[in-house]
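To keep things clear, I will list the structure first and then write my remarks on it.
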Protein chains: 2
Amino acid sequence: MARQTAATPAISVTDCAYSRVLEIVSSKWTVLIIFALAGGAQRYGELRRRIADISQKMLTQTLRQLERDGLIKRTVMPAVPPIVEYALTPLGETLLPHIRQMKQWTTDYYPLVEQARKEYDRENAQK
Amino acid sequence: MARQTAATPAISVTDCAYSRVLEIVSSKWTVLIIFALAGGAQRYGELRRRIADISQKMLTQTLRQLERDGLIKRTVMPAVPPIVEYALTPLGETLLPHIRQMKQWTTDYYPLVEQARKEYDRENAQK
DNA sequence: CTGCATCCCCGGAGATACTG
DNA sequence: CAGTATCTCCGGGGATGCAG
């Protein structure tokens with residue numbers, strides 16, 4: 001696929017580095033979880049309460065995925081009832097600056113995006 | 001919703017700034033398009049060839065969305081057959097540094113993620 | 001050349017109920 | 001407390017065909 005001369009290099013989903021980041025972080029929940037863990041380890045129930053409107057299924061599923069990617073560490077304390085703690089790994093922490101940067105971008109520019117949307121919708125209202 | 005004391009602030013999808021960025025950039029195609037436009041304006045057909053495996057529908061749809069968000073500008077030249085060019089707006093260009101940073105993160109750390117996955121899968125293979 | 005409309009399928013994600 | 005197991009629904013996204 002994508003036979004290309006050097007002049008016009010193709011961009012593919014599988015090649016583009018940013019697409020691979022999205023592959024890790026695309027779910028809307030992943031970032032919220034990383035955020036919630038930024039301050040230190042948290043228990044399952046704490047995360048559940050902390051992150052508004054997340055379902056058990058999505059919390060567990062996203063935690064597993066992050067664990068598999070080596071971004072968080074799951075620790076089970078032998079106790080009854082069980083205590084399970086989640087914490088960012090060093091690898092996971094390397095994402096924090098980038099997330100904060102994105103957050104900053106939103107703070108700076110999101111109002112402009114909202115404004116652009118309003119204008120666009122107004123112009124395309126007459127149909 | 002989410003009545004919370006100051007001690008344990010809740011994080012919600014609608015509030016978290018990063019979630020709003022994802023709202024803009026979440027589709028796997030958006031970033032590829034921004035990338036493709038980083039070097040300058042491009043015509044519809046050029047984009048279509050440039051971005052591997054994108055369908056007409058998704059290209060058009062994503063372009064419209066980016067235009068609505070004020071990140072790209074659509075210019076129609078009166079000609080037959082029609083010529084349509086797309087280019088990043090100044091607002092759209094403010095995203096480029098962040099995308100490049102993410103790309104750098106991937107370059108630096110993605111191998112570790114792949115390795116973590118392999119280990120995880122190996123450990124959980126015996127079931 | 002640059003789209004829009006339509007049909008259709010698959011997987012993400014919520015709700016609910018049960019377990020060690 | 002910290003999950004797992006189903007069922008289901010909805011919408012993202014591909015394929016195809018038509019249009020200015």
Side-chain angles (χ1 to χ4, degrees), chain A residues 1-2 8 12-14 19 22-33 36-37 41-69 72-87 120 124 126-127, chain B residues 1-2 8 12-14 16 19 22-33 36-37 41-69 72-87 120 124 127:
Chain A
M1 70 182 76
T8 55
S12 80
V13 196
T14 46
S19 295
L22 280 183
E23 174 192 323
I24 297 172
V25 144
S26 63
S27 153
K28 60 177 177 178
W29 300 118
T30 50
V31 183
L32 293 184
I33 291 180
L37 293 177
Q42 297 256 322
R43 297 182 54 178
Y44 185 88
E46 289 171 336
L47 286 172
R48 193 150 149 56
R49 281 186 297 276
R50 186 97 185 279
I51 302 174
D53 299 325
I54 193 169
S55 64
Q56 279 183 353
K57 180 186 169 185
M58 288 320 295
L59 179 53
T60 301
Q61 185 173 308
T62 312
L63 284 170
R64 284 290 119 69
Q65 190 185 323
L66 287 170
E67 188 193 359
R68 185 171 107 96
D69 288 346
I72 66 176
K73 172 113 175 82
R74 177 171 180 269
T75 311
V76 183
M77 338 280 268
V80 179
I83 295 177
V84 182
E85 270 196 353
Y86 293 91
Y120 185 94
N124 295 58
Q126 81 284 7
K127 67 139 186 247
Chain B
M1 70 180 80
T8 56
S12 81
V13 195
T14 47
C16 176
S19 295
L22 280 183
E23 175 192 323
I24 296 172
V25 144
S26 65
S27 153
K28 59 179 178 178
W29 300 117
T30 50
V31 183
L32 293 183
I33 291 180
L37 293 176
Q42 296 256 322
R43 294 183 56 180
Y44 184 87
E46 290 171 336
L47 286 173
R48 191 151 152 55
R49 280 186 299 276
R50 187 97 185 278
I51 302 175
D53 299 326
I54 194 170
S55 65
Q56 279 184 349
K57 180 186 172 185
M58 288 321 295
L59 180 53
T60 301
Q61 184 175 307
T62 312
L63 285 170
R64 285 289 117 69
Q65 190 186 324
L66 287 170
E67 189 193 358
R68 186 170 106 96
D69 289 345
I72 66 175
K73 171 109 175 85
R74 178 173 180 267
T75 311
V76 183
M77 339 280 268
V80 179
I83 296 177
V84 182
E85 271 196 352
Y86 294 90
Y120 184 93
N124 295 59
K127 70 137 184 254

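First the proteins, then the strands, lettered A, B, ... as listed; each starts at 1. What you see below is based on every heavy atom in this structure, not just the backbone, and it leaves out hydrogens, waters and symmetry mates.
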Go through residues 55-65 of chain B and report each residue with a non-hydrogen atom lying under 4.0 Å from DNA chain C, sorted by number. B:Q56, B:T60, B:R64
If I take atom [atom1] in residue [X] and atom [atom2] in nucleotide [N], what distance separates them, rounded to the nearest angstrom?
| X | N | atom1 | atom2 | value |
| --- | --- | --- | --- | --- |
| A:I83 | D:dA2 | CD1 | P | 7 Å |
| B:R48 | C:dC1 | CZ | C1' | 11 Å |
| A:E46 | D:dA2 | CD | P | 8 Å |
| B:N124 | D:dG3 | CG | P | 13 Å |
| B:W29 | D:dG13 | CH2 | P | 9 Å |
| A:K28 | D:dG11 | NZ | C1' | 13 Å |
| B:L32 | D:dG13 | CG | P | 12 Å |
| A:I33 | C:dA13 | CD1 | C1' | 14 Å |

Quick one: does [X]'s side chain get under 4.5 Å of [Y]'s, heavy atoms only?
| X | Y | value |
| --- | --- | --- |
| A:L37 | A:L66 | no |
| B:L47 | B:L63 | yes |
| A:T60 | A:Y44 | yes |

Select one nucleotide: of [options], the one nearest the side-chain heavy atoms of [X].
| X | options | answer |
| --- | --- | --- |
| B:P81 | C:dT2, D:dG13, C:dC1 | C:dC1 |
| B:P82 | C:dT2, D:dA2, D:dC1 | C:dT2 |
| B:R74 | C:dG3, D:dC1, C:dG14 | C:dG3 |

For C:dT2, take OP1 and OP2 only and decide whether either is under 4.0 Å from a side-chain N or O of B:R43.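 The answer is yes; a side-chain N or O of B:R43 sits under 4.0 Å from OP1 or OP2.
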Give a yes/no on whether any side-chain N or O of A:Y44 is located under 4.0 angstrom from OP1 or OP2 of D:dT4.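 A:Y44 to D:dT4 OP1/OP2: no side-chain N or O under 4.0 Å.
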Applying side-chain contact (heavy atoms from CB on, under 4.5 Å), run through A:E23 and B:K28 and close with a yes or a no. CA-CA 9 Å; A:E23 174 192 323; B:K28 59 179 178 178; over 6 Å; no
Check for a donor-acceptor pair, side chain of B:R50 on one end and backbone N or O of B:A36 on the other, with a separation under 3.5 Å.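 Here the side-chain-to-backbone pair exists.
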What is the distance from atom OG1 of A:T30 to atom CD of A:Q61, rounded to the nearest 0.5 Å?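 Here the interatomic distance stands at 11.5 Å.
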Which of these passes side-chain contact (heavy atoms from CB on, under 4.5 Å) with A:Y86: A:R43, A:Q42, A:K73, A:R74? A:R74
